[in-house]
Amino acid sequence: MRRLGLRSGPADAEALYDGAYFGAGRDPSGDRQGQSGYASYDRISSNADIAAYLLWRNFRVTTSLDIGCATGFLVEALRELGLEAQGSDISHYAVEHATPGARGHLKVGNLLDGLPFADGQFELVSTLEILEHLPPADVPQALREIRRVCAGVVYATIPSFGRNASGPNGHYEGKVRPERLGHYNELGLEFVGPLPEADLEVDAQGGPIEGHLSIASFGWWTDRFAEAGFTRRIDIEERLYADLAPAGLAPFWNLYVFAVDGADPALFTQREPERSLRELGLSHPLVDAGG
């Protein structure tokens with residue numbers, strides 16, 4: 001979970017993505033009391049190191065952009081691994097409170113208004129738990145903007161349901177109002193979506209849970225990326241799911257890998273495939289607990 005309501009305008013964004021959104025003044029025990037946003041936000045709870053090692057190991061890139069970077073934990077972790085990583089976020093608060101290793105490498109930006117970067121500037125673009133915060137009608141425009149800045153590969157995590165060709169299937173729990181859950185489960189794995197906003201799960205304030213507005217199937221998202229000029233790389237996704245297995249995250253990270261047409265095959269060369277992420281240097285409680 002990363003973002004609320006990207007359909008909001010600049011003024012709304014300033015109100016939504018302030019310190020409280022990132023856990024300031026909240027219950028330190030971690031109880032969100034049904035509210036959207038973070039109970040606490042730090043490098044460990046964000047799983048930034050796991051994501052960084054996953055990307056560094058599986059993509060031979062030198063430049064990266066994390067869209068929806070928040071305070072930049074993933075940017076910081078990637079830079080520690082040697083990438084020229086940058087980040088962009090709609091929140092002025094997040095950029096102004098960047099983690100030390102990301103300071104000077106984050107910019108305020110909005111997918112729907114255009115990102116402050118050049119065409120094809122980045123070999124790798126990541127967007128983790130971001131795109132579902134857009135209304136379905138705005139998704140094509142956002143993906144065209146991602147395509148504009150991307151010269152190679154996109155790594156995305158998007159809450160999805162239905163059949164997944166590369167890993168665990170998606171699910172509706174936590175995404176659909178409880179009284180509508182039975183209806184959608186009966187539709188089977190081939191239902192495409194997206195779900196109507198009236199059926200989306202809500203938070204304690206009555207808004208869509210975590211600001212999720214586009215809840216759709218793996219097939220729906222794959223088609224939208226294809227329309228923007230991307231090809232889904234099922235083979236690479238399978239590799240990433242295998243890397244995630246020791247941390248127990250595979251059922252929870254609905255991940256996608258997309259390549260631009262003509263992407264250099266060398267970008268997809270895996271580092272030391274015989275070794276685990278932990279053996280490569282990753283230290284994180286989930287990985288350490290998984291052995």
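The figures here come from the full heavy-atom set of this structure, side chains too, leaving out hydrogens, waters and symmetry mates.
Donor-acceptor pairing under 3.5 Å is recorded for the side chains of N58 and D243.
Checked against side-chain hydrogen bond (donor to acceptor under 3.5 Å, both in side chains), R60 has no partners two or more places apart in sequence or in another chain. Taking the side-chain hydrogen bond (donor to acceptor under 3.5 Å, both in side chains) definition, one finds that S160 meets it with Y256, sequence neighbours left out. Partners of Y184 according to the side-chain hydrogen bond (donor to acceptor under 3.5 Å, both in side chains) rule, which considers only residues two or more places apart in sequence or in another chain, are D199. For S214, there are no side-chain hydrogen bond (donor to acceptor under 3.5 Å, both in side chains) partners at least two apart in sequence or on another chain. Listed by chain and residue number, nothing satisfies the salt bridge (Lys or Arg N to Asp or Glu O under 4.0 Å) test with E123 (two or more places apart in sequence, or in another chain).
L267 is connected to L54 through a chain of hydrophobic side-chain contacts under 4.5 Å among Ile, Leu, Val, Met, Phe, Trp and Tyr, so both are in one cluster. Residues V149 and V108 are members of separate hydrophobic clusters, defined by side-chain heavy-atom contacts under 4.5 angstrom among Ile, Leu, Val, Met, Phe, Trp and Tyr. Taking hydrophobic clusters as Ile, Leu, Val, Met, Phe, Trp and Tyr residues chained together by side-chain heavy-atom distances below 4.5 Å, L106 does not share a cluster with Y93. Two different hydrophobic clusters hold F59 and V75 under the rule that ILVMFWY side chains link at heavy-atom gaps under 4.5 Å. Hydrophobic clustering, with ILVMFWY side chains joined whenever heavy atoms are under 4.5 angstrom apart, groups Y155 together with F252.
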(message) Working note: L83 + T62, criterion side chain to side chain contact (heavy atoms under 4.5 Å, CB included); need CA distance, chi angles, decisive distance, verdict.
(response) CA-CA 5 Å; L83 272 68; T62 58; over 6 Å; no
(message) Run the salt bridge (charged side-chain N to carboxylate O under 4.0 Å, His left out) test on R43 and E80 for me, step by step, so that the C-alpha distance in whole Å, both residues' side-chain angles and the decisive distance to 0.1 Å come before the verdict.
(response) CA-CA 13 Å; R43 183 158 160 172; E80 290 171 3; 2.7 Å; yes
(request) Evaluate the side chain to side chain contact (heavy atoms under 4.5 Å, CB included) criterion for residues R177 and L200: first the C-alpha distance (whole Å), next the side-chain angles of each, then the deciding distance (0.1 Å), finally the verdict. (result) CA-CA 6 Å; R177 291 176 183 262; L200 298 177; 6.0 Å; no
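The shortest heavy-atom contact between D66 and S126 is OD1-OG, 2.8 Å. Between I215 and F161, the shortest heavy-atom contact is O-CE2, 3.5 Å. Listed here is the closest heavy atom pair of L115 and E145: N-OE2, 2.7 Å. In terms of heavy atoms, A70 sits closest to D89 at N-OD2, 2.7 Å. What you find for Y241 and P168 is that their closest heavy atoms are CE2-CD, 3.7 Å.
Here the straight-line distance linking atom CG of N169 with atom OG of S166 works out to 9.5 Å at 0.5 Å rounding. Between the OG atom of S88 and the CZ atom of F122 there is a distance of 8.5 Å, given to the nearest 0.5 Å. Rounded to the nearest 0.5 Å, atoms CD1 (I90) and CD1 (I130) are 9.5 Å apart.
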Hey, can you pull the donor-acceptor pairs under 3.5 Å for the side chains in residues 185-195, sequence neighbours left out?
| residue | atom | partner | partner atom | Å |
| --- | --- | --- | --- | --- |
| N185 | ND2 | L181 | O | 3.4 |
| E190 | OE2 | R163 | NE | 2.8 |
| E190 | OE2 | R163 | NH2 | 2.6 |

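L124 has its side chain out of reach of L65: every pair of non-hydrogen atoms, C-beta onward, lies at least 4.5 Å apart. Two residues are said to be in side-chain contact when any heavy atoms from C-beta on lie closer than 4.5 Å; L143 and E227 fail this criterion.
The pair E76-R79 does not meet the salt-bridge criterion, since no charged nitrogen lies less than 4.0 angstrom from a carboxylate oxygen. A salt bridge links E237 to R232: at least one charged side-chain nitrogen sits closer than 4.0 Å to a carboxylate oxygen.
Of the possible polar contacts, none joining the Q121 side chain to the C150 backbone as a donor-acceptor pair under 3.5 Å is found.
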